[in-house]
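Below is one structure, written out as structure tokens; the observations come after it.
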Amino acid sequence: MKKLKICYGKIVYGISYRRVSFLVRNLIALFLLVNVSSFANANSKRKPNILYIFTDDQSIRTLSCYPEAHPWIRTPNIDKLAEKGVRFSTCYTGAKCVPSRGNALTGMLQHNYDKSTTYWPVEFRKQGYYTGMIGKWHWNVPRHKETWDWSAVYEHYLPGNSHNYYWDQSLRINGDTLLKLEKYSTDAYTDMTLEFLKERAQEKDKPWYFWLCYGGVHGPHTPADRHIGSYENTPEVKNPKDIFAPRPDKPEHMVNLETFKKDPVTGKPMKKNRTLDSWVKQYNEAVRSIDEGIGKIMTTLEETGQLENTIVVFSSDQGYAWGQHGYNLKIAPYDANLLAPLIFVRPNDFPQNKVCNIPVNGTDIIATFHSLCNIQPSQKLDGRDLTELIYKPKADSWNNESMVQLYTGLIYGNDTIKSELEKAHKTDDWSKFIVHRNTGTKAWMMLQTGKYKYVRYIYKDYIEELYDLENDPEELTNLAVKLEYKVRLRKMREQLLKEFRAKNCRFLDLLPEPVEKNM
């Protein structure tokens, strides 16, 4: 039998071009179908990489992809993440550096873990993941041998290292030697991340999880030299409406709280002889190196062929208030203090340029990692799986439990919190129970469902807070003191107890009764 010879545009051995073309097209289609199918099957079995970028004290107001941002902010690379993925408008990752990292490492809320709780990447490692992290730690011990294949940890607690957020910083490499950084820390973290990504590109069959914990933009909010003064000639920052006291319908510790003082001559808010405007601009100048670093990281993922199979998540440990409600801090249960950015990206998989308005928290992110990677957690997680919301960001009918968060200072675990509450009840001395030394902020529990946010303080004889975030996004009017919202208030109080009881909160019976104050 003669072999079929195909010459483009000619008739060979009596077979017409049209007939040959038909046969070739079908053979090619069959070949592609088999190979694409095989590739899809192989790719579906291959677990995705996860790059979790976790900045420090970074408010949504620092990112131009968020409508709350100052109008002069420019973060083009993070904006591209939002354009290529799903941006969450309301993310309460945590309330302070340490507990927020505890949430991120355990996938649990503050009442359910302590410093002996296993970190969830241990299970990913058992399931074949190569695990790594770089940057700020600020929670217990890194447990390198158990949790990480590679780590470069900024041990915040080391003498002489605690204030070196940006310069002269030392990193603990793989739980062993200290490496003194010779450059601005944000740039150094980026460079080391690029090396990690290039190395992992050589191991194509082994998925990885990498937690990049930038120290920026934590105080002292130091920009890279190249960015100092880059926002100097932009319009002046607008003063928050309630930057100055009094606030009569707020909890007691907030009525006269003023971190910024009014200049008697200019009337401008001042702190340490500097205006609010200058502080906020310096803070945002420090964000620019993070944005540049993310641009380099995304380019490297693409150049090394890893972008298509990598889930990139960008967030922060919490937000940061600049004068709102009198604060220059995080920890308080207000959006101005807490809201962190959250963006999920996976090319050719997740929707692009979408926004989800359903409130989420930091433990939800960890639960979602497990779901997206099809890994069963080794211990019960407190978060909700956000996978459905990522693929359908406008799923307003998403039927899930309400978003909850709590802050109990530096006290962790049901047993310890319960013990402290018992002590306070016995002595009737609440002055030593989880009170922030500079602002008087008390421990709190928070519930957000629909347009309402409810806050209950873990403190004797204290009022609650209730806000209609749709009509009062700046949380200026506490509805908990309004007689007409009494029924709504009690309903929210009951809902909070129900949600926390479902999450194994064992100190609810010891909560001091709130005071109902009507105005």
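What's counted below: heavy atoms across the whole structure, side chains too, no hydrogens, waters or symmetry copies.
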Inset, instruction - Verify the distance criterion only: is there a donor paired with an acceptor across the side chains of D277 and T275 at less than 3.5 Å? - result: no
Inset, instruction - Verify whether one side chain among N328 and K271 offers a donor that lies under 3.5 Å from an acceptor in the other. - result: yes
Legend entry - Non-neighbouring partners of E252 that pass salt bridge (Lys or Arg N to Asp or Glu O under 4.0 Å), sequence neighbours left out: none
Legend entry - For Y209, the option from Y119, W120, Y129, Y130 that meets ring-ring contact (aromatic ring centres under 6.0 Å, His included): W120
Legend entry - Stepwise salt bridge (Lys or Arg N to Asp or Glu O under 4.0 Å) test for E420 and K423: CA-CA 5 Å; E420 290 296 317; K423 189 187 303 181; 3.5 Å; yes
Inset, instruction - Identify whether the distance between the nearest side-chain nitrogen and carboxylate oxygen of K330 and D317 falls below 4.0 Å. - result: no
Legend entry - Criterion salt bridge (Lys or Arg N to Asp or Glu O under 4.0 Å) on D291 and R74, from CA distance to verdict: CA-CA 9 Å; D291 184 73; R74 295 292 178 269; over 6 Å; no
Legend entry - Y283 and W322: CA distance, side-chain angles, deciding distance, ring pair (Phe, Tyr, Trp, His ring centres under 6.0 Å) verdict: CA-CA 10 Å; Y283 169 73; W322 285 98; 5.3 Å; yes
Legend entry - Donor on one side chain, acceptor on other, D57 and Q318, under 3.5 Å: yes
Inset, instruction - May I have the step-by-step check of side-chain contact (heavy atoms from CB on, under 4.5 Å) for L171 and L178, ending in yes or no? - result: CA-CA 5 Å; L171 300 180; L178 279 173; over 6 Å; no
Legend entry - D176 and R172 ion-paired at < 4.0 Å: no
Inset, instruction - Apply side-chain contact (heavy atoms from CB on, under 4.5 Å) to K84 and list each qualifying residue two or more places apart in sequence or on a separate chain. - result: V345
Inset, instruction - Determine, for W72 and K281, whether the Lys NZ or Arg CZ falls below 6.0 Å from the six-membered ring centre while staying within 45 degrees of the axis. - result: yes
Inset, instruction - Tell me yes or no: between the side chains of T387 and T368, is some donor less than 3.5 Å from an acceptor? - result: no
Legend entry - H138 ring center within less than 6.0 Å of Y154 ring center: no
Inset, instruction - For the pair E146 and R125, evaluate salt bridge (Lys or Arg N to Asp or Glu O under 4.0 Å) and give the outcome as yes or no after the intermediate values. - result: CA-CA 9 Å; E146 176 188 7; R125 200 177 183 191; over 6 Å; no
Inset, instruction - With R87 as the cation and Y66 as the aromatic partner, state whether NZ or CZ is under 6.0 Å from the six-membered ring centre and within 45° of the axis. - result: yes
Legend entry - Candidates F196, Y189, F54 - the one meeting ring-ring contact (aromatic ring centres under 6.0 Å, His included) with W211: F54
Inset, instruction - Give a yes-or-no answer on whether the side chains of H436 and T439 include a donor-acceptor pair shorter than 3.5 Å. - result: yes
Inset, instruction - Without swapping roles, check the side chain of N164 against the backbone of D168 for a donor-acceptor pair under 3.5 Å. - result: yes
Legend entry - No-hydrogen, no-angle side-chain donor-acceptor test under 3.5 Å, S89 and N357: yes
Legend entry - Over 12 foreign heavy atoms within 6.0 Å of CG, N438: yes
Legend entry - Pair K503 + D382: basic N to acidic O under 4.0 Å: no
Legend entry - From Y407 atom OH to W444 atom CH2, the distance as rounded to the nearest 0.5 Å: 9.0 Å
Inset, instruction - May I ask you to say whether R346 pairs ionically with E308, meaning some side-chain N is under 4.0 Å from a carboxylate O? - result: no
Inset, instruction - Could you tell me whether the side chain of V360 reaches within less than 4.5 Å of the side chain of L342, counting heavy atoms only? - result: yes
Inset, instruction - Report the residues that fulfil ring pair (Phe, Tyr, Trp, His ring centres under 6.0 Å) with Y113, sequence neighbours left out, ordered by chain and then residue number. - result: W139, Y412
Inset, instruction - Assess the side chains of T75 and S64: does a donor N or O sit below 3.5 Å from an acceptor N or O? - result: yes
Legend entry - Distance in Å, F88 CZ paired with D364 CG, rounded so as to fall on 0.5 Å steps: 8.5 Å
Inset, instruction - State the CH2-CD distance between W208 and Q306, to the nearest 0.5 angstrom. - result: 5.5 Å
Legend entry - L301 backbone acceptor or donor facing T304 side chain under 3.5 Å: yes
Inset, instruction - Starting from the C-alpha separation in whole Å, work towards a yes-or-no answer on ring pair (Phe, Tyr, Trp, His ring centres under 6.0 Å) for F369 and Y52. - result: CA-CA 10 Å; F369 286 166; Y52 189 15; 5.3 Å; yes
Inset, instruction - Using a cut-off of 6.0 Å, state whether more than 12 heavy atoms not belonging to Q352 lie near its atom CD. - result: yes
Inset, instruction - Decide if the gap between the ring center of H156 and the ring center of Y165 is smaller than 6.0 angstrom. - result: yes
Inset, instruction - Please check if any side-chain donor atom of Q110 sits under 3.5 Å from a side-chain acceptor atom of T408, or the reverse. - result: yes
Legend entry - Side chains of H144 and S151, donor plus acceptor under 3.5 Å: yes
Legend entry - Side-chain H-bond candidate by donor/acceptor type, Q282 with Y231, under 3.5 Å: no
Legend entry - Inter-residue atom distance L105.CG - R101.CZ, 0.5 Å rounding: 9.0 Å
Inset, instruction - Would you mind checking if R226 and D187 are paired as a salt bridge, meaning a charged N to carboxylate O distance below 4.0 Å? - result: yes
Inset, instruction - Just grab all the side-chain hydrogen bond (donor to acceptor under 3.5 Å, both in side chains) pairs involving residues 193-207, residues at least two apart or on different chains. - result: none
Inset, instruction - For the pair E83 and K80, find out whether any cationic side-chain nitrogen is under 4.0 Å from an anionic carboxylate oxygen. - result: no
Legend entry - Y92: partners by ring pair (Phe, Tyr, Trp, His ring centres under 6.0 Å), with sequence neighbours left out: none
Inset, instruction - Please assess Y166 against H218 for the test ring pair (Phe, Tyr, Trp, His ring centres under 6.0 Å), listing each intermediate value before the final yes or no. - result: CA-CA 9 Å; Y166 299 96; H218 192 284; 8.4 Å; no
Legend entry - Partners meeting side-chain contact (heavy atoms from CB on, under 4.5 Å) with E474 (sequence neighbours left out): K241, L476
Inset, instruction - Indicate yes or no: at least one non-hydrogen side-chain atom of Y334 is less than 4.5 angstrom from one of E465. - result: yes
Inset, instruction - Indicate yes or no: at least one non-hydrogen side-chain atom of I458 is less than 4.5 angstrom from one of F507. - result: yes
Inset, instruction - For K250, look at atom NZ and say whether over 12 heavy atoms of other residues, nucleotides or ligands are found less than 6.0 Å away. - result: yes
Legend entry - From Q127 atom CD to C373 atom SG, the distance as rounded to the nearest 0.5 Å: 10.5 Å
Inset, instruction - To the nearest 0.5 Å, tell me how far L212 CG sits from M133 CE. - result: 8.5 Å
Legend entry - Between D242 and H325: side-chain donor-acceptor atoms closer than 3.5 Å: yes
